[in-house]
Amino acid sequence: MVAVMCKHTRPETVRTGRTGRPRSVEADTAILEATRAALVELGWSKLTMGDVATRAGVAKTTLYRRWTNKNELVVDAVAVLFDELELPDRGSLIADVEGVVLQFAALLARPEAKTALMAVVAESTRDDALRIRIRSAIVDRQKRLVLEGRARAQARGELPYEDDPEAAAHSADLIFDVIAGAVVHRVLVSAEPVDQAWARSFTLLLVSGLASLGS
């Protein structure tokens, strides 16, 4: 997740592997927004596919053509929020990490992100299929930020290159777990602020640890 880590005149569509009418991006967006809004208002237990369809202004059949159940729908509603995370080049490893930590914390502080993420994580403790979907739709997708940031830091000479692919993959997983775990715990469990001072202290601790990984 980190450095070491229009409106259209007509609806845009996206092709899927299924035959039939292509999916509407505008409809998907409306459905996912409605899902997050319903979660904030109703909570996981009271959320239904029918309620989401009504809020989004689509037929229930439209909803079920895209998602077979509530679990899949809510995970995707969370995943698109995490896809907003970016890793702008701020000139140094420390600045890059600090920036993405603050960005991630701000995302988690949003009511729709906080409610949706905590709901799917809690539900996944009883549902192995849901846990797998969370890993593929959210965790694995966001590891792109770790890989991108690490490659940038290596190109700057701030981190050593790792010749062993297995070791490189292991360290990327570790970096992601440390950042995600610390920020999620700080924001959602401890309910403490992730301000500039905390982000800087955390980043310095992380970067010093990364230096030891390459030794």
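Residue numbers run from 1 in the order of the sequence given.
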Check: V194 and L102 side chains under 4.5 Å, non-hydrogen atoms: yes

Connected via hydrophobic side-chain network under 4.5 Å: L204 and V97: yes

Contact summary for A53 and K60, nearest pair of heavy atoms: CB-CG, 3.9 Å

side-chain contact (heavy atoms from CB on, under 4.5 Å) between L73 and Y64, intermediate numbers included: CA-CA 10 Å; L73 175 60; Y64 280 105; over 6 Å; no

Sequence-distant partners of R156, salt bridge (Lys or Arg N to Asp or Glu O under 4.0 Å), two or more places apart: D89, D96, E158

Side chains of D140 and R135 in contact at under 4.5 Å (non-hydrogen atoms): yes

Heavy-atom side-chain contact between L206 and V101 under 4.5 Å: no

For Q154, side-chain hydrogen bond (donor to acceptor under 3.5 Å, both in side chains) partners two or more places apart: none

Rounded distance [0.5 Å steps], CG in L108 versus CD in Q103: 11.0 Å

Separation of T29 OG1 from E26 CD (nearest 0.5 Å): 7.5 Å

Set of ring pair (Phe, Tyr, Trp, His ring centres under 6.0 Å) partners for W198, sequence neighbours left out: F202

Shortest non-hydrogen contact between R66 and A27, atoms and distance: NH2-CB, 3.9 Å

Euclidean distance, K70 NZ relative to S45 OG, rounded to 0.5 Å: 7.0 Å

Can you give each donor-acceptor pair under 3.5 Å made by side-chain atoms of residues 76-84, sequence neighbours left out, with the distance rounded to 0.1 Å?
| residue | atom | partner | partner atom | Å |
| --- | --- | --- | --- | --- |
| D76 | OD1 | R133 | NH2 | 3.3 |
| D76 | OD2 | W67 | NE1 | 2.7 |
| D76 | OD2 | R133 | NH2 | 3.1 |
| D83 | OD1 | R141 | NE | 3.3 |
| D83 | OD1 | Q142 | NE2 | 3.0 |
| D83 | OD2 | R141 | NH2 | 2.7 |
| E84 | OE1 | R110 | NH1 | 3.0 |

Nearest non-hydrogen partners of L47 and A38, listed with the distance: CD1-CB, 3.2 Å

Qualifying salt bridge (Lys or Arg N to Asp or Glu O under 4.0 Å) pairs with a residue from residues 35-52, counting only residues at least two apart or across chains: E41-R55, D51-R55

Value rounded to 0.5 Å, distance of OG in S201 from CD in Q196: 10.5 Å

Check: residues 186-193 side-chain donor-acceptor pairs under 3.5 Å, at least two apart:
| residue | atom | partner | partner atom | Å |
| --- | --- | --- | --- | --- |
| R186 | NE | P193 | O | 3.0 |
| R186 | NH2 | P193 | O | 3.1 |
| S190 | OG | H185 | ND1 | 3.3 |

Nearest heavy atoms of W44 and A119, plus distance in Å: CE3-CB, 3.6 Å

Side chain to side chain contact (heavy atoms under 4.5 Å, CB included) partner of R200, the single match among L205, D195, I94: I94

With sequence neighbours excluded, residues passing side-chain hydrogen bond (donor to acceptor under 3.5 Å, both in side chains) with D173: K143

side-chain contact (heavy atoms from CB on, under 4.5 Å) partners for A129, two or more places apart: D127

Non-neighbouring partners of A168 that pass side-chain contact (heavy atoms from CB on, under 4.5 Å), sequence neighbours left out: R150, E162

Pairing residues for E86 by the side-chain hydrogen bond (donor to acceptor under 3.5 Å, both in side chains) criterion, not counting sequence neighbours: none

With D164 via salt bridge (Lys or Arg N to Asp or Glu O under 4.0 Å) - residues at least two apart: none

Interatomic distance, L63 atom CG to M49 atom CE [nearest 0.5 angstrom]: 4.0 Å

Heavy-atom pair of closest approach, residues V75 and A137: CG1-CB, 3.8 Å

Residue pair L145 / L87: nearest heavy atoms and the distance that separates them: O-CD2, 3.5 Å

Close side-chain approach of V121 to M118, heavy-atom, < 4.5 Å: no

Set of residues satisfying side-chain contact (heavy atoms from CB on, under 4.5 Å) with respect to A59, sequence neighbours excluded: T61, T62

